Amino acid sequence: MAPSFSITRYNQQHLLPYLLEFQLTTIQYLTLIDTLARFHLRGEARQFYLGYFWWLLEPALYIAVFYAVFQLLLDSRQPDYLYFLAVGKLTFIWFSKSVVQASFSIETNRGLLSQVAIRKEVFPLAAIQQGFYRQLVVLSFLLVLLFLSGKGQFHYWFWLLPLMFVQMLLISGVGLLAALVVCWHKDFQHLIQLGMMFLLFVSGVFWDVNAVADADVRRWLLLLNPLATLIDAYRQILLFGSLPKTDLMSVLLCQSLLLLSIAVGAYRIFQSRIAVRVLSR
Amino acid sequence: MTQEILISVRGLGLTYKVRRSLFSPIFVSALSEVSFDVYKGETLGVVGKNGSGKSTLLRALAGIYKPDQGLVRFDATTIALMTLSLGFDPVMSGRDNAIFGGMLLGFDSEYVEAQLDEIKAFSGIGDAFEAPVRTYSSGMLSRLSFAVAMKVSPDVMLLDELLAVGDESFRAKAYEAMREKIASDQTTIFVSHNADEILALCDRAILLHEGRIISQGDPQNIISRYRKLD
């Protein structure tokens, strides 16, 4: 019989070294994630001459580029295209940037990984938390803009809260899984970048999913792509002043929860093998 | 020195794949059949040539790598590895890294923040403490690592070549601090290529060769055996 590794304890009051990663309480872990996110945002901002101003400048420039192409060159027929595009693009950037940053976060923190036994979810979740802080600023700015321009609808603004919550769940599930697969094979980083490009085109960022003529195609698009449903829901609330469809929202919630559960399970299984994968690369 | 065993390692083995391309993976047996005890309050030296498994052993003890075989019995609450430069986030300042490093060991941020002035003073890096760690020289990194390790110490400190870098005056200061720690019942496992350090600081030593312990005991004997290798 092959010998296997086991641990026993001398003293019941003390924790085991290989369970040390579980020694911190949930509150301590949450504090750790938030601290890492805030310190990292501060450090990042200090790298640039324009500092925190990039939080707004980067999405604004993206929107400007898309606006130039789709409105000025291709002449989109969508009314108030600038705001339509802004809502879609900002929702998309929140998702894509968080997932991409989460995907290489464990690899980036290999230094910390090589020193302390810690739950590896900390790093992707900190990256996701950074995305959340950025989005709070960006979204507030967008709301002010919508208010001042008179193009926004604010009857159902409080629907933003559950919508953002669901988006956080979705980002966490996808981001955690992305980080894990990149630890296993770095090759996945290429696929994730490509996947984001694909999602950019099929999520209705610069076009309206409701304008898809074939009802079946439209339905499948929304059912299979949670991001398309999300972007459409933000637009319903902020631009059209209507409630998002309950059935699609329930599907979105289930999809997000399912992805997150898969991610949590996967970390439970692979937790102890992540460090050796990353550090022996 | 008390003879209470803090960590007991029996038959520890760890193998990993170093090449993971589609074809021809390479398996490396980093440790096999490693057995030793660590007593409370002692300083144990680990010597061996490059690639003998020293760093892997420390990582296994710190709970970073999970061994494939063997048994570890353990009676301590916190154990952490201190290496030269790796444990820092390059984007964050020395101050933020020190706070986060302490929190990783389970200390709350208030406690670590209260130690910051001493950490800064001990490291002797001055205003660079507020600068991002990516701008540090290797000497500054080692100064900061060492200062953090001294002020927010885990129950068991694993030091991997931490004294190897730094100028003459800092090394003298670091030695002195290590001596004080050792006198104050700190349990330390200490990897070094420097025979003088092992002789000066360690109570006992183990000699690793190709992933196995080939000798353990009095540092003097271990060092003379180490020098006779190859």
Side-chain angles (χ1 to χ4, degrees), chain A residues 2-25 27-29 31-32 35-36 38-47 108-118 122-123 126 184-187 271-281, chain B residues 5-8 11-14 16-18 20 28 30 55-56 59-83 85-93 95-97 99-101 103-106 108-109 131-134 154 156 158 160:
Chain A
S4 63
F5 179 74
S6 64
I7 3 168
T8 54
R9 43 177 107 187
Y10 268 139
N11 181 335
Q12 292 293 327
Q13 290 168 340
H14 289 311
L15 288 144
L16 311 168
Y18 300 101
L19 298 178
L20 199 80
E21 46 199 291
F22 306 108
Q23 181 191 334
L24 301 181
T25 61
I27 297 291
Q28 277 176 313
Y29 265 114
T31 318
L32 211 57
T35 308
L36 184 59
R38 283 185 297 108
F39 283 1
H40 218 270
L41 283 173
R42 182 156 72 193
E44 250 172 24
R46 281 182 188 158
Q47 288 185 332
T108 315
N109 285 290
R110 55 187 298 153
L112 287 171
L113 218 64
S114 71
Q115 294 214 325
V116 221
I118 176 183
V122 165
F123 303 111
W184 248 247
H185 292 288
K186 230 181 158 174
D187 312 41
Q271 187 70 247
S272 63
R273 277 140 72 184
I274 295 174
V276 77
R277 278 312 281 207
V278 174
L279 297 177
S280 68
R281 178 133 61 207
Chain B
I5 294 176
L6 201 60
I7 302 173
S8 156
L12 196 74
L14 199 152
Y16 51 81
K17 255 200 278 188
V18 286
R20 276 193 296 271
V28 171
S55 297
T56 308
R59 283 178 179 170
L61 286 176
I64 294 158
Y65 286 177
K66 190 179 175 200
D68 309 312
Q69 290 178 359
L71 178 79
V72 172
R73 294 205 281 182
F74 188 83
D75 181 16
T77 46
T78 54
I79 181 164
L81 183 56
M82 313 284 170
T83 57
S85 58
L86 288 166
F88 294 124
D89 185 319
V91 171
M92 285 164 19
S93 66
R95 173 182 296 272
D96 287 353
N97 266 299
I99 298 173
F100 188 70
M103 288 174 73
L104 273 177
L105 292 179
D108 54 35
S109 57
V133 161
R134 79 192 130 84
V156 180
L158 308 170
D160 196 352

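Keep in mind that the numbers below use all heavy atoms, side chains included, and drop hydrogens, waters and symmetry copies. Small disclaimer: the values here were computed from a predicted structure and weren't measured. Lettering of chains follows the sequences in order, A, B, ..., and the numbering in each one begins at 1.
Proximity to chain B (any heavy atom under 4.5 Å) is restricted, for Arg46(A), to the side chain, taken from C-beta onward. Residue contact with chain B, scored on non-hydrogen atoms closer than 4.5 Å, is absent for Thr108(A). Residue Leu113(A) touches chain B through its backbone alone, counting heavy-atom pairs closer than 4.5 Å.
Each of Leu104(B), Leu14(B), Asp96(B) has some count of heavy-atom pairs under 4.5 Å with chain A, and the biggest count is that of Asp96(B). Contact count versus chain B (heavy atoms, under 4.5 Å) is highest, among Val122(A), Thr35(A), Leu279(A), for Leu279(A).
Listed by chain and number, the residues in a side-chain contact (heavy atoms from CB on, under 4.5 Å) with Asn97(B) are Phe88(B), Asp89(B), Met92(B), Val133(B) (sequence neighbours excluded). Checked against side-chain contact (heavy atoms from CB on, under 4.5 Å), Asp187(A) has the following partners two or more places apart in sequence or in another chain: His185(A).
With rounding to the nearest 0.5 angstrom, the CG atom of Leu112(A) is 10.0 Å from the CD1 atom of Ile64(B).
Minimum heavy-atom separation, Phe100(B) to Leu36(A): CE1-CB, 3.6 Å. Minimum interatomic distance between Glu44(A) and Val91(B) (heavy atoms only, all atoms of both residues): N-CG1, 3.3 Å.
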